[in-house]
Amino acid sequence: MEDYRVNMILDNLPVAMAKLKIDERTRSTIKVYERGYPVGFYVLAENEKSEPQTFLHNHLHFTILYHRDSQTDLSRVVGFEVEPFSVSHKYDEWDDQEPELETCNPGKPVFVTHDNKPQPVKEGAEIIFTYDVSFEMSDIRWASRWDTYLSMSNDQIHWFNILNSSMIVFFLTGIVAMIMIHTLRRDISKYNQLESNEDFQEETGWKLVHGDVFRPPVGSSLLSTYVGVGVQLLGMSCVTMIFAVLGFLSPANRGGLMTALLLMFVFMGLFGGHAAARLYRQFRGENWRRMTLQTALLFPGICFAIFFLLNLLIWGQKSSGAVPFGTLFALCVLWFGISLPLVFIGSYFGFKKAPADEPVRTNKIPRHIPDQPWYMHPVLSCLVGGVLPFGAVFIELFFILTSMWLQQFYYLFGFLALVFLILVLTCAEISVVLCYFQLCSEDYRWWWRAYLTSGASAVYLFAYSAFYFYSKLDITKTVPMLMYFGYMLIVSYAFFCLTGTIGFYACYFFVRKIYGAVKIE
């Protein structure tokens, strides 16, 4: 059955299988929901050489919970439960108008139980689908009807994740504080004393590269583009998170979260274009229209291309889950009709504004960069820098992936907001620390390294998604496998742009601060 599940909706409530579970804290029995129900099940054959038998769930017992309001004497649906059965129905003579079954006949009455002979899946076999419905009065009020769907009995692991991530932040904060308060203060004081001393002494450390530290990098247009995209994603994430924490994105509003993310990304194009143009102007770039077009098309274009190819594969399977052309057209209208103009408007005003004054002058001739030690190699440095940001979020990432691929609801936006804040601090601090070590090694090519250091956490995110796929999911078909890795590739790409931009701006302000504090003739 490839773990396929059937999903239904009644009064905006998804159908769910009710299961009893022991609460680890109170040792009491609580009811939890598992969204949808499986299409069927396997039964392993007694003989190992024989293939397992496959049976189909062809009878459904629905339980509709309702609550009666004592004031209005009106009833409202507060629960939608299902119990699937597999039964090989029997009858004497089939009547299309009033079929009468021996295995399911409420008039006799005969009801389906799990003791009935199950319905095997065989080519050419006749399958009869039946259902029965029961209504039960419930004490659950209308306002609380989602509580069982969203019940969380394992909140301790979320707090453990917060504590674990906080320890990472405290560790990095201690290192940054030591650099800023002790090392940098000592360096700046020494450099300023050397400038005021009549006896010239050779400069050492990060001050040596003051004439090259603000030299525009190779590929400045592409870097500006990615920074603009990152600002767009950061604004989208922050605004959507605020609305989610305040309760505006309830799971009762199906598709509300994805709609909010798309709309926020579109409207944040104004700020993304402005940030990209400001940085490009700082790099003394001139072809701002090309850079702006790149900002508006690069990231959405790559994501849309992957999404469209996956959608073609779903169409090829004749699946009802394929996105229709109307929705794709609406996405293109949002992209080219709203996002693209907003990026150009933001870029126009950003490029029109004068660039910020650099604290030091840039030499005309680039300084020679000495040979770097093995541990300062760009690839190794970026891979090391990406570990800690990923480590701050990987536990919460497990629950997010579970909600995406294992029919679970995710609504812990309070925890997610705390983890997101820790992620921002971790990206900023690890990027600053490694940027300082790079400048101390007399390597002034920090622009791209600042972006890639924290952005490398996306590599670990994609690797973890592959581990999750092989350890938690039972997917063997080619198309579902391509869908999983395609969507996770889009998520990892967005995570790269988001974390990279956070690390870049942290290093940018850090470098401006330290070189603005020393006296340079």
Side-chain angles (χ1 to χ4, degrees), residues 1-5 7 35-36 225-226 229-230 232-233 236-237 240 254-266 294 296-336 339 386 389-390 393-394 396-410 452 455-500:
M1 292 300 173
E2 303 297 338
D3 201 26
Y4 284 106
R5 302 182 72 86
N7 292 283
R35 188 168 59 177
T225 295
Y226 273 114
V229 170
Q232 203 169 346
L233 290 170
M236 174 199 75
S237 303
T240 306
R254 294 181 295 115
L257 179 61
M258 184 57 65
T259 302
L261 288 173
L262 285 173
L263 291 178
M264 285 301 105
F265 180 80
V266 167
Q294 199 171 251
L297 299 181
L298 180 63
F299 176 80
I302 293 176
C303 294
F304 186 82
I306 297 174
F307 178 77
F308 185 73
L309 290 176
L310 293 176
N311 205 49
L312 287 179
L313 294 176
I314 301 174
W315 273 328
Q317 297 293 314
K318 298 180 180 180
S319 171
S320 60
V323 178
F325 273 109
T327 305
L328 294 177
F329 179 75
L331 290 175
C332 291
V333 170
L334 286 174
W335 182 10
F336 293 102
S339 179
F390 171 76
V393 301
F394 85 96
E396 202 67 27
L397 180 64
F398 170 82
F399 294 98
I400 295 175
L401 292 178
T402 301
S403 67
M404 290 175 60
W405 303 104
L406 290 178
Q407 298 84 41
Q408 300 294 327
F409 290 99
Y410 187 88
L452 297 175
S457 56
V459 176
Y460 296 98
L461 188 151
F462 189 77
Y464 179 78
S465 68
F467 167 78
Y468 184 88
F469 177 85
Y470 289 108
S471 62
K472 297 295 181 181
L473 302 181
D474 185 19
I475 299 177
T476 57
K477 299 292 184 179
T478 303
V479 173
M481 187 182 301
L482 291 176
M483 286 180 57
Y484 175 85
F485 285 105
Y487 287 135
M488 291 310 303
L489 183 62
I490 294 176
V491 172
S492 301
Y493 185 36
F495 194 73
F496 165 75
C497 297
L498 174 66
T499 54

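Values below: every heavy atom of this structure, side chains too, minus hydrogens, waters and symmetry copies. Small disclaimer: the values here were computed from a predicted structure and weren't measured.
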A.B. asks: Side chains of Phe329 and Val333, heavy atoms from C-beta outward: is any pair under 4.5 Å?
C.D. replies: yes

A.B. asks: Of all the heavy-atom pairs spanning Leu498 and Gly230, show the shortest one and how long it is.
C.D. replies: CD1-O, 4.4 Å

A.B. asks: Kindly say whether Phe462 contributes a backbone atom to a donor-acceptor pair with the side chain of Ser465 at under 3.5 angstrom?
C.D. replies: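 Yes, because the side chain of Ser465 sits within donor-acceptor range (under 3.5 Å) of the backbone of Phe462.
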
A.B. asks: Can you list the residues that meet the side chain to side chain contact (heavy atoms under 4.5 Å, CB included) rule with Ala456, with sequence neighbours excluded?
C.D. replies: Cys382

A.B. asks: Rounded to the nearest 0.5 Å, how far apart are CE of Met481 and OH of Tyr470?
C.D. replies: 5.5 Å

A.B. asks: Sequence neighbours excluded, which residues qualify as ring-ring contact (aromatic ring centres under 6.0 Å, His included) partners of Tyr484?
C.D. replies: Trp405, Phe469

A.B. asks: Starting from the C-alpha separation in whole Å, work towards a yes-or-no answer on side chain to side chain contact (heavy atoms under 4.5 Å, CB included) for Leu397 and Phe390.
C.D. replies: CA-CA 9 Å; Leu397 180 64; Phe390 171 76; 4.0 Å; yes

A.B. asks: To the nearest 0.5 Å, what is the distance between CG on Leu482 and CG on Leu489?
C.D. replies: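 The CG atom of Leu482 sits 11.5 Å away from the CG atom of Leu489.
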
A.B. asks: Of the non-hydrogen atoms in Ser492 and Ala458, which two are nearest, and what is the gap between them?
C.D. replies: O-CB, 3.2 Å

A.B. asks: Ignoring hydrogens, what is the shortest heavy-atom contact between Ser457 and Phe495? Give both atom names and the distance.
C.D. replies: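 Heavy atoms of Ser457 and Phe495 come nearest at OG-CE2, 3.2 Å.
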
A.B. asks: Taking atom CG of Leu331 and atom CG of Leu262, what is their separation to the nearest 0.5 Å?
C.D. replies: 6.5 Å

A.B. asks: Atom CD of Gln294 and atom OG1 of Thr225: how far apart are they, to the nearest 0.5 Å?
C.D. replies: 3.5 Å

A.B. asks: Closer than 3.5 angstrom, by distance alone: can the side chain of Trp335 be matched with the main-chain N or O of Ala296 as a donor-acceptor pair?
C.D. replies: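 Side chain of Trp335 to backbone of Ala296, a donor-acceptor pair under 3.5 Å: yes, one is there.
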
A.B. asks: Sequence neighbours excluded, which residues qualify as ring-ring contact (aromatic ring centres under 6.0 Å, His included) partners of Phe325?
C.D. replies: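 Checked Phe325 against ring-ring contact (aromatic ring centres under 6.0 Å, His included); matches are Trp315.
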
A.B. asks: Side-chain contact, heavy-atom cut-off 4.5 Å: Leu461 with Phe394?
C.D. replies: no

A.B. asks: Got a sec, which residues hit side-chain hydrogen bond (donor to acceptor under 3.5 Å, both in side chains) with Tyr460, two or more places apart in sequence or on another chain?
C.D. replies: none

A.B. asks: Looking at Arg5 and Gly36, what are the two nearest heavy atoms and their distance?
C.D. replies: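 Here Arg5 and Gly36 meet closest at NH2-O, 3.2 Å.
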
A.B. asks: Return a table of donor-acceptor pairs under 3.5 angstrom between the side chains of residues 297-312 and protein atoms on other chains or two or more places apart.
C.D. replies:
{"residue": "Asn311", "atom": "OD1", "partner": "Val323", "partner atom": "N", "Å": "2.8"}
{"residue": "Asn311", "atom": "ND2", "partner": "Val323", "partner atom": "O", "Å": "2.9"}

A.B. asks: side-chain hydrogen bond (donor to acceptor under 3.5 Å, both in side chains) with Tyr493: which residues, sequence neighbours excluded?
C.D. replies: Tyr226

A.B. asks: Quick one, Met483 with Ile314, criterion side chain to side chain contact (heavy atoms under 4.5 Å, CB included). Give me CA distance, side-chain angles, the key distance, then yes/no.
C.D. replies: CA-CA 9 Å; Met483 286 180 57; Ile314 301 174; 3.6 Å; yes

